[in-house]
Amino acid sequence: MAERYQPEIIERKWQDRWEQDQLYKAEIDPDRPKYYFLTMLPYTSGDMHIGHWFAMTPSDARARYLRMGGHNVMYPIGFDAFGLPAENAAIQRDIHPKEWTYKNVDNMRRQLRSMGAMWDWSREAISSDPEYYHWTQWFFLRMLKNDLAYRKMSPVDWCPQCNTTLAREQVIGDNRVCERCKTPVIKKDLEQWFFRITNYADELLDFSMLDWPETVKLLQTNWIGRSEGASVIFKTEDGDPIEVFTTRPDTLWGATFMVLAPEHPLVEKLTTPEQHDEVHAYIHEATRQTDIEREALDKEKTGVFTGGYAINPVNGERIPVWIADYVLMTYGTGAIMAVPAHDQRDFEFARTFDLAVIPVILPQGVEQLDGETMTEALPEYGVMINSGELTGTPASEAFQKTNAYLEQRGTGKFAISYRLHDWLISRQRYWGAPIPVVYCKQCGIVPVPEEQLPVELPEDIEWRPTGESPLKFHPPWKSTKCPDCGEPAERETDTMDTFMCSSWYHLRYLSPDYAAGAFDPKEYDYWMPVDTYTGGVEHATMHLIYTRFFHKTLRDMGVGEGHEPMMQLRNQGQILGPDGQRMSKSRGNVIDPDEQVQLYGADAVRAYLMFGYRWSEGGAWNPDNIQGVVRWLNRVWTLVLDTRGAQPDKIDPEVERALLRKTHQIIQQVSNDLDHFEFNTVISGLMELTNQLVAAREAGLAGADSFEQAVEALLLMMAPPTPHIAEELWSIAGKPYSIHTQPWPNFDPELAKEDEITLVVQVNGKVRDRITVAAGISDEKARELALASEAAARFVGEKEPREVVVVPGRLVNIVV
RNA sequence: GCCGAAGUGGCGGAACUGGCAGACGCGCGCGACUCAAAAUCGCGUUCCUUCGGGAGUGUGGGUUCGAUUCCCACCUUCGGCACCA
């Protein structure tokens with residue numbers, strides 16, 4: 001008896017051999033079509049999660065398949081290494097963020113190797129290496145130079161006790177308190193850096209070049225949230241302008257009050273002494289809420305009258321100015337005109353606070369409207385009424401005519417607004433790439449000269465228990481000389497959002513050791529753009545918009561080329577714990593990939609993750625179902641090693657024909673499924689072929705040429721999903737190393753063809769009979785056979801068929 | 001709340017453009033092998049049934065000769081909501 005399948009031995013053996021031979025090193029080769037296959041880089045959290053395997057190993061299988069199909073494939077890997085968790089570890093466990101991060105990198109490298117993926121390790125990049133963030137800083141300087149970076153005041157969640165900015169995850173509970181000291185969180189305005197991503201809003205809405213999932217394109221479209229309307233200037237009684245954006249300029253005559261965001265700069269001036277206390281109490285409460293809470297449509301409307309008034313520019317009406325939390329400073333202008341008759345939220349607000357409701361639009365089918373008795377707003381377009389000289393304007397012209405009217409009178413004009421706002425990149429944290437600017441009393445904001453990059457993070461830092469950024473309290477680092485005038489100056493102590501690092505990592509992979517620039521242009525010209533990008537759909541609106549924005553800015557600076565960085569995108573779902581909940585250490589439902597590999601081997605874990613789930617959906621980890629692929633791999637093992645039952649002189653040509661037919665049908669199916677990221681049917685197809693081979697062996701076919709061909713095809717097709725066992729069996733079968741450099745098996749449509757098909761006979765859409773017929777049967781013949789079916793005839797009875805529907809090669813439906 | 005996605009046997013899932021629902025597995029049942037068990041192999045396995053058939057893809061309606069697939073409404077679960085990454 002042959003030796004048994006021992007994954008722990010063969011997997012290590014082949015991983016070492018592949019690495020020694022640099023089998024997966026990708027090099028420029030103008031003679032082969034390139035393929036840049038990118039999977040989202042992992043964060044250095046400490047342990048690879050089974051979810052990483054789910055994202056990466058099917059991607060690896062597809063990358064391997066493309067390679068066998070003749071592409072020059074690059075499949076790189078690296079680490080997203082800056083960020084909050086490293087600082088949390090520093091505070092909680094008294095370990096330096098750098099030490100924590102690089103320890104994790106070492107462990108994760110080991111785990112990534114155990115996948116048996118075709119990583120090109122020579123291209124590894126780590127975003128917290130000075131050689132990496134040197135160029136993150138360089139990109140920042142480019143943004144600054146091209147007027148894409150600017151500073152403005154912006155609020156952060158702030159813990160007054162710890163004296164530090166809090167991330168969303170550090171603010172807990174409905175009462176929004178600091179996770180460390182439980183002090184209620186406040187908003188604090190800080191001067192921070194922004195990127196002008198809104199300059200690119202329109203171009204980011206164009207997906208015409210991209211093979212991306214419709215749902216991601218839709219998510220991004222809604223995130224950008226383009227709307228057309230008018231910008232209108234109202235004035236306070238003191239003459240201060242209040243700009244508003246409205247998508248319904250035609251309802252302007254119905255604006256009976258205004259609402260400002262509590263943070264609006266004019267609130268202070270508008271508030272009358274009598275209203276002062278109430279207004280300030282409201283502002284305090286409102287700013288403590290999240291934008292999500294404030295925008296909620298179903299909550300009770302709250303607000304406070306400022307005591308001030310504005311003038312409606314179209315009819316001169318004096319209207320009260322209120323503040324309310326549902327108006328956000330981050331959307332539009334932070335002020336709205338309220339038209340309660342035609343906007344539901346304004347309507348509810350008006351009814352709550354007993355404000356005037358004046359209908360100015362008569363939608364089709366509505367005879368008349370009374371603001372006193374209306375029970376809900378009517379948002380439909382319609383004929384304008386009560387609208388001065390525009391009264392009577394029909395729905396079709398209302399929008400344009402009002403805009404023209406406003407423009408003529410200089411009180412407004414057509415405008416476009418976006419929900420998207422500029423990208424805030426400042427973080428009041430230590431473990432990030434320092435923003436390379438210096439503040440000088442004489443020269444103001446001075447960029448650090450490119451030749452002085454990188455601005456390195458100091459390592460001799462002190463962690464205060466409060467979590468305050470150590471950069472602020474590191475005088476030797478903070479103090480510097482102004483690059484312009486040489487006088488003493490101070491460094492910016494904020495670091496950059498980690499999304500900045502991950503916006504260009506695919507470029508650093510091109511040439512991670514390149515010192516003359518962010519990337520080597522030779523590598524860029526050959527490999528870019530990324531052909532396929534895989535990762536979680538949770539990145540749809542942030543990372544995936546930021547990286548597109550980044551790419552477009554680089555193109556416009558002449559640093560890169562092409563309009564999009566990643567041409568094809570596919571998303572995998574998430575693997576949940578066995579309890580169906582998201583895996584987390586606190587729930588104790590985390591599946592450790594190391595343990596699974598030790599139990600079953602990497603190939604089985606890979607195959608199970610492909611087989612057990614729809615890749616785009618994911619699902620709960622099932623500890624029993626993996627047995628199916630374990631048995632399958634063992635069956636393949638014995639199939640190749642145990643050639644019992646060979647009867648070369650008594651070959652049944654029917655069995656042989658059936659085996660070859662199955663082989664070629666599976667070649668076609670598996671190729672198609674790998675092309676389309678349908679990994680579960682890749683494995684089920686290979687199982688079917690295995691089952692057929694086992695049956696053929698029982699029929700005495702082992703040793704025959706046809707049998708050998710089928711086994712060879714099976715092993716070649718197993719190379720992408722289960723690379724180690726495929727290599728081992730390939731080697732045992734005496735075939736040349738490496739299976740991973742062999743061409744993908746050829747599909748022969750002639751051999752795959754079925755001789756016979758099952759013709760389904762329906763009566764009134766219900767299946768009544770199945771007839772086996774020759775494959776190429778004509779419609780006429782099929783119809784004849786169906787009508788002759790006795791089983792069907794019983795249901796047709798005496799009635800005359802009203803209609804007979806023939807679906808070629810599939811079914812006949814007799815309608816009576 | 002808003003935006004997006006998904007609901008199919010006991011379980012994971014399959015079904016290319018509207019055409020045989022349940023491929024391939026897990027589990028379970030029966031059998032073979034075995035002193036026995038495990039492993040392995042074979043057969044069966046949506047539910048109900050008077051064995052003719054009937055019902056069935058989250059729920060309720062609709063379009064169609066025909067709907068898991070298209071349309072409308074609803075329910076449940078999951079992802080995102082700008083400082084977790």
Side-chain angles (χ1 to χ4, degrees), chain A residues 40-45 80 82-85 88 156-157 165-171 213-216 218-219 221-223 225 290-299 326 330 419-429 497-499 502 536-543 545-546 571 573-574 576 580-582 608 611-614 616-629 631-632 634-635 638 669 672-673 676 678 680-681 683-688 691 694 698 758-767 770 794 802-805 807 809-816:
Chain A
M40 288 181 190
L41 87 176
Y43 177 71
T44 49
S45 58
D80 183 20
F82 274 139
L84 192 60
N88 288 339
V156 294
D157 283 324
T165 302
L166 297 179
R168 253 175 62 119
E169 67 165 20
Q170 296 175 305
V171 178
E214 290 304 320
T215 130
V216 173
L218 193 55
L219 282 163
T221 301
N222 293 340
W223 182 263
T290 65
D291 284 2
I292 295 173
E293 289 163 349
R294 287 174 57 168
E295 275 188 300
L297 282 173
D298 65 335
K299 65 162 192 173
Y326 73 88
T330 48
R419 209 189 70 96
L420 178 72
H421 44 255
D422 279 341
W423 177 9
L424 167 63
I425 60 141
S426 296
R427 296 291 182 269
Q428 295 73 48
R429 310 207 175 280
D497 180 4
T498 54
F499 276 124
S502 57
V537 73
E538 67 271 17
H539 293 291
T541 51
M542 302 189 67
H543 164 63
I545 287 188
Y546 293 141
N571 303 118
Q574 284 192 351
L576 307 170
Q581 300 291 307
R582 206 183 176 139
Y608 172 56
F611 178 62
Y613 305 86
R614 203 180 306 170
S616 58
E617 300 302 321
W621 176 262
N622 182 319
D624 303 320
N625 282 358
I626 193 168
Q627 285 306 335
V629 293
R631 281 181 200 143
W632 168 55
N634 276 296
R635 269 161 79 85
T638 46
Q669 186 210 310
N672 183 63
D673 290 345
H676 294 97
E678 283 158 10
N680 49 2
T681 45
I683 305 298
S684 74
L686 295 176
M687 286 174 168
E688 279 184 52
N691 293 345
V694 169
E698 296 311 310
T758 303
L759 185 71
V760 171
V761 183
Q762 296 184 335
V763 178
N764 289 338
K766 284 193 192 294
V767 179
R770 292 187 174 89
R794 279 193 287 141
R802 187 152 57 86
E803 193 187 345
V804 179
V805 180
V807 181
R810 281 182 192 273
L811 63 74
V812 178
N813 188 14
I814 304 165
V815 188
V816 295

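- Between Ile683(A) atom CD1 and rG25(B) atom P the separation is 12 Å, expressed in whole Å.
- Relative ring orientation between Tyr546(A) and Trp423(A) is described as parallel, the plane-to-plane angle staying below 30° on a 0-90° scale split at 30° and 60°.
- For the pair Leu686(A) and Trp632(A), the minimum side-chain heavy-atom distance is below 4.5 Å.
- Within the nucleic acid shown, Thr330(A) has no heavy atom closer than 4.0 Å to any nucleic acid atom.
- Counting only heavy atoms from C-beta on, Leu218(A) has its side chain closest to rG4(B) among rC24(B), rG1(B), rG4(B).
- Taking only side-chain nitrogens and oxygens, Arg635(A) comes nearer than 4.0 Å to OP1 or OP2 of rC41(B).
- Gln762(A) contributes no side-chain N or O that forms a donor-acceptor pair with the base of rC65(B) under 3.5 Å.
- Where Gly765(A) and Ala620(A) meet RNA chain B, the nucleotide closest to each residue was compared, and Ala620(A) sits on the side nearer the 5' end.
- With centres under 5.5 Å and a plane angle under 30° as the test, the ring of His543(A) is not stacked against the base of rA85(B).
- When the P atom is used for both rC33(B) and rG42(B), the distance is 15 Å, rounded to whole Å.
- Nucleotide rG25(B) holds its P atom 17 Å from the CG atom of Asp624(A), rounded to whole Å.
- The distance from atom CG of Asn622(A) to atom C1' of rG12(B) is 6 Å, rounded to the nearest whole Å.
- Taking side-chain N and O atoms only, Arg631(A) has a distance below 4.0 Å to OP1 or OP2 of rU40(B).
- Here Arg294(A) does not reach the OP1 or OP2 of rG1(B): none of its side-chain N or O atoms lies under 4.0 Å away.
- Rounded to whole Å, the separation between the C1' atoms of rA55(B) and rU49(B) comes to 11 Å.
- Classified by its glycosidic torsion, rG52(B) falls in the syn category, the angle being within 90° of 0.
- A distance of about 34 Å separates the C1' atoms of rU76(B) and rC65(B), rounded to the whole Å.
- The distance from the CZ atom of Arg429(A) to the CG atom of Leu84(A) is 5.0 Å, given to the nearest 0.5 Å.
- The phosphate of rG13(B) (OP1 or OP2) has no side-chain N or O of Arg614(A) nearer than 4.0 angstrom.
- Taking atom P in both rC11(B) and rC75(B), the straight-line distance is 24 Å, to the nearest Å.
- Look at the P atom in both rG58(B) and rA14(B): the space between them is 14 Å, to the nearest Å.
- In this structure, the nucleotide among rG79(B), rC65(B), rG25(B) sitting nearest to the side chain of Leu219(A) is rG79(B).
- In this structure the side chain of Val812(A) never reaches within 4.5 angstrom of the side chain of Gln762(A), judged on heavy atoms.
- Considering only side-chain atoms of Ser684(A), the nucleotide from rC24(B), rC65(B), rG12(B) that sits closest is rC24(B).
- Listed candidates were rA85(B), rG25(B), rC81(B). Nearest to the side chain of His539(A) is rA85(B).
- At whole-Å resolution of the value, CG in Asn672(A) and P in rA14(B) are 14 Å apart.
- The distance from the CG atom of Asp497(A) to the CE atom of Met542(A) is 7.0 Å, given to the nearest 0.5 Å.
- Across all strands shown, Asn691(A) has heavy atoms under 4.0 Å from sugar-phosphate atoms exclusively, and none from any base.
- Among the nucleotides rA85(B), rC83(B), rC20(B), the one closest to the side chain of Thr165(A) is rC83(B).
- Rounded to the nearest Å, the gap between the C1' atom of rC20(B) and that of rA67(B) is 14 Å.
- The main-chain N or O of Gly612(A) is never found under 3.5 Å from a side-chain atom of Asn680(A) such that the two would form a donor-acceptor pair.
- Remark: the Asn222(A) side chain and the rC3(B) base include no donor-acceptor N/O pair separated by less than 3.5 Å.
- For the atom pair CD1 (Ile683(A)) and CD (Glu688(A)), the distance works out to 12.5 Å, reported to the nearest 0.5 Å.
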Taking Watson-Crick and G-U wobble pairs with both distances under 3.5 Å, convert RNA chain B into its dot-bracket string, 5' to 3', dots for unpaired and | for cross-strand pairs. (((((((..(((......[....)))((((((.......))))))(((....)))..(((((..]....))))))))))))....

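- For Arg429(A) against rC83(B), a side-chain N or O and a base N or O form a donor-acceptor pair under 3.5 Å.
- When distances run from any side-chain atom of Asn813(A) to the nucleotides rC83(B), rG19(B), rA14(B), the shortest one goes to rG19(B).
- The listed nucleotides are rC20(B), rG4(B), rG80(B); the one nearest the side chain of Val767(A) is rC20(B).
- The separation of rC28(B) from rA39(B), taken at their P atoms, amounts to 10 Å, rounded to a whole angstrom.
- You'll find that the side chain of Arg427(A) is closest to rC83(B), out of rG1(B), rG12(B), rC83(B).
- Between the side chain of Glu617(A) and the main chain of Arg614(A), no donor-acceptor pair closer than 3.5 Å is present.
- Atom-to-atom, CD of Glu678(A) to C1' of rA15(B) comes out at 11 Å; the value is rounded to the nearest Å.
- Nucleotide rA85(B) holds its C1' atom 16 Å from the CD1 atom of Ile545(A), rounded to whole Å.
- The side chain of Glu538(A) sits closest to rA85(B) out of rG25(B), rA82(B), rA85(B).
- OP1 or OP2 of rA14(B) lies within a sub-4.0 Å distance of a side-chain N or O belonging to Asn680(A).
- Applying the 90° criterion around 0 to the glycosidic angle, rG66(B) comes out anti.
- The P atoms of rC35(B) and rU45(B) are separated by 32 Å, rounded to the nearest whole Å.
- Comparing Glu803(A) and Val807(A) by the nucleotide of RNA chain B that holds the closest heavy atom to each, the one mapping nearer the 5' end is Val807(A).
- Screening Val805(A), Val761(A), Thr758(A), Val760(A) for a side-chain contact (heavy atoms from CB on, under 4.5 Å) with Leu811(A), the sole residue that qualifies is Val760(A).
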Please evaluate residues His539(A) and Asn571(A) with respect to the criterion side-chain contact (heavy atoms from CB on, under 4.5 Å), reporting the C-alpha separation (whole Å), side-chain torsions for both, the decisive distance (0.1 Å), and the verdict. CA-CA 9 Å; His539(A) 293 291; Asn571(A) 303 118; over 6 Å; no

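- Across the protein-nucleic acid pair, Leu424(A) atom CG and rC83(B) atom P stand 6 Å apart, rounded to whole Å.
- Side-chain N/O atoms of Arg794(A) include one lying less than 4.0 angstrom from OP1 or OP2 on rG53(B).
- On a pure distance criterion of 3.5 Å, a polar donor-acceptor pair joins the side chain of Arg770(A) and the base of rC20(B).
- Taking atom CD on Gln669(A) and atom P on rA23(B), their separation rounds to 14 Å, with Å as the unit.
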Run Asp80(A) and Ser502(A) through side-chain hydrogen bond (donor to acceptor under 3.5 Å, both in side chains) and show every step you take. CA-CA 7 Å; Asp80(A) 183 20; Ser502(A) 57; 5.0 Å; no

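- Note on Lys299(A): every side-chain N or O is 4.0 Å or more away from OP1 and OP2 of rC2(B).
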